[in-house]
Every structure is written in C-alpha cells, then in structure tokens.
Amino acid sequence: MKAERLSCALAIGGLDPGGGAGIIADLRAFEAAGAFGCAAVALMTVQSTSGMKGARALSPREVVAQAREVVFHQRVRAFKIGALGSRENVMAVGAFLAAHPRVPAIVDTPILPTRGGARLLAEQAIAALRRSLVPRATLLTANAAEVEALAGMRVTTIGGAHDAAVALCKLGARAALVKGGHLEGVNAVDVLAIGGEVIELRARRLTVGATHGTGCTFASLVAGRLAVAGRADDATIVDAVRWAKRVHHAAIARARDVGGVQRVLVF
C-alpha cells in the first residue's frame with residue numbers, strides 16, 4: 001500500500017527541556033497545521049515553565065549539518081527560525097536560507113526570555129540578525145522589544161505598530177508581523193505588512209495569566225500552514241497568518257498548567 005505523502009516543516013532554534021517553548025513547541029504547532037515536524041537544535045537551554053537559567057549555542061557547523069541532512073532527504077516545504085544564540089549561528093543560518101530561496105522562512109526573533117536572565121540571542125548578534133537573516137524572511141514576526149532592537153522604534157500604539165511593520169519590511173523582510181499582545185485595549189491587535197498593504201488582525205484580549213511559548217507557537221503555526229499549502233504567494237501568506245491567529249487565540253484560551261509559573265499551549 002502506498003504511504004501518504006506529508007510535507008515537512010523544519011524548525012531551527014532552541015531546545016527548551018520543559019517543552020513549553022522552542023523547538024518542542026514548534027513541533028506541536030507543525031502537527032496542528034498538518035505538517036510533519038523536523039527540528040535542528042541551535043541553542044541548548046536550562047529552563048522550565050518557571051524561567052530560563054542558562055543557554056549555550058551550538059557551533060554553526062553542527063547547526064547547519066543538522067538542517068542540511070533533513071533538507072537533503074525529506075520534503076521540507078517551510079522553515080521556522082527561532083532562537084539561535086550566537087552571531088555565528090545567525091550568519092550561518094542566513095547563508096543556509098539563501099541557499100534555499102524557494103522554501104518560505106518564518107523568522108521569529110527571540111532575544112530575551114519572558115522569565116530568566118540568560119539571553120536567547122547574544123547582544124552582538126543583533127546587527128547580524130538585521131543584516132543576514134531579516135532579508136531572508138518570508139515573514140518576520142516580532143514583539144515590541146524585538147522591534148526596538150531591530151528597527152530602533154518604540155511601539156506603544158496600533159499606529160506605531162503599522163509604522164514598525166513597514167519599517168521591518170524596509171529592512172528586507174518580504175512581510176512583517178508586529179505582535180500586539182503588549183498593547184492595551186479590549187482587543188489584541190497584530191499588524192501585518194505585506195505587498196504594500198498593512199492589515200490588522202484582531203482578537204478579544206484574554207486574561208489567562210503568564211503563558212509560555214506563545215511567540216514560538218504562532219510563527220510555527222504559520223510555517224506549518226505554508227508547508228501544507230506548498231506555496232507562499234502573498235494571498236497564501238495572509239491566509240496562513242489569519243488561520244494561525246485563530247488557532248493561536250483558541251490555544252491561549254485553553255492554556256494548560258503543567259507545573260511551574262507559566263502555562264503552556266496545547267492543541
């Protein structure tokens with residue numbers, strides 16, 4: 001009997017042993033989108049749902065070797081880039097994406113964890129992120145702190161989020177999503193800039209307490225959806241982002257307690 005063919009989505013990012021964020025969360029999101037999840041570890045962390053205590057970046061040679069092996073043998077139709085740790089890893093992953101221009105890349109940009117003192121990306125790597133990785137992004141997703149690091153803009157209003165999303169596209173990203181969870185208001189409003197347009201995505205703001213891995217999960221839902229679609233034209237990207245917003249919002253509403261301070265997303 002002929003086996004069912006599945007498209008793969010490959011995450012390159014950090015390993016969170018607690019499972020709430022990083023590549024383990026990416027794999028759950030890929031499955032929710034209908035894609036087969038693959039992962040290459042770029043950053044080892046010591047963390048749980050109570051926060052991050054330490055992090056160590058792997059060598060760029062190890063990171064790229066993992067990714068190349070999967071891409072060579074499997075049907076990878078989308079990349080999701082998460083925490084990379086070092087400047088060297090940022091540059092190596094940027095070069096890897098450049099070698100695979102037809103595969104859409106969803107670039108999340110975690111720099112600091114929500115809880116804990118260790119960094120997910122070295123401070124000296126931010127310039128390399130802006131120069132080597134952002135221009136390879138089919139979609140770049142960023143929260144307020146990440147927008148400020150990348151574009152030097154403080155986002156405190158929805159209008160400011162519009163300006164920031166456009167500015168991130170001017171850095172080279174094909175599309176950019178500025179996440180609005182930090183803004184005040186009845187609705188949580190994410191702002192997407194794509195194809196010269198700016199789109200607002202609204203959802204009722206939820207009060208569920210501290211939740212772990214929300215950024216990782218959203219970006220991976222989009223990547224998984226694009227992998228299944230097998231294309232990444234502007235309309236498909238917008239549809240994937242809208243679908244991810246709905247699924248993500250529902251997952252936050254039912255976030256589960258697995259111990260520790262923060263809840264986690266499940267599907």
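Each residue takes its place number in the sequence, starting with 1.
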Within-4.5 Å side-chain heavy-atom neighbours: Leu139 and Ile194: no

Residue pair Arg225 / Ala33: nearest heavy atoms and the distance that separates them: N-CB, 3.6 Å

From CA spacing to verdict: side chain to side chain contact (heavy atoms under 4.5 Å, CB included), Val266, Val258: CA-CA 11 Å; Val266 296; Val258 296; over 6 Å; no

Within 6.0 Å of CD in Glu200, more than 12 heavy atoms from elsewhere: yes

Shared hydrophobic cluster for Phe30 and Val264 (ILVMFWY, side-chain gaps under 4.5 Å): no

Exam field: side chain Thr217 to backbone Ala25, donor-acceptor pair closer than 3.5 Å: no

Any side-chain heavy-atom pair of Leu177 and Leu201 under 4.5 Å: yes

Val76 and His100, any side-chain heavy atoms less than 4.5 Å apart: no

Side chain proximity check, Phe79 to Val71, heavy atoms < 4.5 angstrom: yes

Flag side-chain contact, heavy atom, 4.5 Å: Leu10 against Gln74: no

Side-chain touch Val107/Val134, heavy atoms, less than 4.5 angstrom: no

Nearest-0.5 Å distance that lies between atom CG in Leu129 and atom OG1 in Thr109: 6.5 Å

Beyond-backbone contact of Val191 with Val155, side-chain heavy atoms, under 4.5 angstrom: no

Note, Ile158 side chain near Arg202 side chain (heavy atom, < 4.5 Å): yes

